[in-house]
Amino acid sequence: LLAVSDASEIVGHEAVESWDSDSRALYDITSEERVIEAKATSSDPEHVWISDPHQLDFTIHKQIILSVTRLNKSPEGRTMPQIVDEIISSMSPESQSEIRIMLITQGYAEELRTRFISKWVIHGTRYIPITQESPVLPCSIFEDKPDQVDRVKYRLATADMESVELSDCL
């Protein structure tokens, strides 16, 4: 949701319309020109799990941006519903309404707010452009994989990967 909010500050409501709120698509945010794949991590040094190598396939004809949000559990933090409320409140009224509907259709209900007891501190989000020089698994190595191998995921160390301002990419 942070990547959607950040992108909406730059491209407007298009970011909300491009968001895969149910996480069934390959990418979290998809537009004609680019994709944003959003990940969250509490690891130190920073790394994220790539659930499908095609998420970072730099050979597609779109710009790929990896969004990495760093967060940790903390008694001084906020619950997920509090964080979601804060993120949504920073968006345009049109986007707020649409985001709330999307979340409801995915089972996020006001009645469940009190069940979220863990508290989190968000340390920030980095935006990492994925290019041919990025240290990701090239999808070409999977062309001759055995039929019995149906899923490949890997851990990507992102701590030393260069990040940019999202506005430089959009």
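The structure displayed is predicted, hence computed values, not measured ones.
L156 and I64 fall within a single hydrophobic cluster, where Ile, Leu, Val, Met, Phe, Trp and Tyr side chains are chained together by heavy-atom contacts under 4.5 Å.
Heavy atoms from other residues, nucleotides or ligands lying under 6.0 Å from NZ of K145 number more than 12. Atom CD of E17 sits in a crowded spot, with more than 12 heavy atoms from other residues, nucleotides or ligands closer than 6.0 Å. Environment of CZ in R155: sparse, with no more than 12 heavy atoms of neighbouring residues, nucleotides or ligands closer than 6.0 Å. No more than 12 heavy atoms of other residues, nucleotides or ligands sit less than 6.0 Å from atom CD1 of I117.
Between K39 and E37 a salt bridge is recorded (basic side-chain N to carboxylate O distance below 4.0 Å). A salt bridge links E46 with R126: the distance from a Lys NZ or Arg NE/NH1/NH2 to an Asp or Glu carboxylate oxygen falls below 4.0 Å. A salt bridge does not link E76 to K119: none of the charged side-chain nitrogens sits closer than 4.0 Å to a carboxylate oxygen.
A donor and an acceptor atom, one from each side chain of D168 and Y127, are nowhere located under 3.5 Å apart. Remark: the S92 side chain and the S95 side chain contain an N/O donor-acceptor pair separated by less than 3.5 Å. Between S74 and N72, the side chains place no donor N or O within less than 3.5 Å of an acceptor N or O (distance only, hydrogens not considered). No side-chain N or O of H47 forms a donor-acceptor pair with one of T158 less than 3.5 Å apart.
Among residues two or more places apart in sequence or in another chain, the salt bridge (Lys or Arg N to Asp or Glu O under 4.0 Å) test is passed with D150 by none. Remark: R34 pairs with no residue by the salt bridge (Lys or Arg N to Asp or Glu O under 4.0 Å) rule, at least two apart or across chains.
The CZ atom of R70 sits 10.0 Å away from atom OG of S43, with the distance rounded to the nearest 0.5 Å. Taking CG from D85 and CD from Q96, the interatomic distance works out to 10.0 Å, rounded to the nearest 0.5 Å.
The side chain to side chain contact (heavy atoms under 4.5 Å, CB included) test with I65 singles out one residue from I29, L170, I130, V35, and that residue is L170.
Closest of all the heavy-atom pairs between I36 and A3 is CG2-CB, 4.3 Å. Shown here for E162 and P129, the closest heavy-atom pair between the two residues is O-CD, 3.8 Å.
For the pair V152/F142, a side-chain contact is recorded, criterion being any heavy-atom separation below 4.5 Å from C-beta on.
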>> I'd like to know whether V68 forms a side chain to side chain contact (heavy atoms under 4.5 Å, CB included) with I128, so could you lay out the CA-CA distance, the side-chain angles of the two residues, the decisive distance to 0.1 Å, and finally the verdict.
In response: CA-CA 8 Å; V68 179; I128 303 168; 4.0 Å; yes

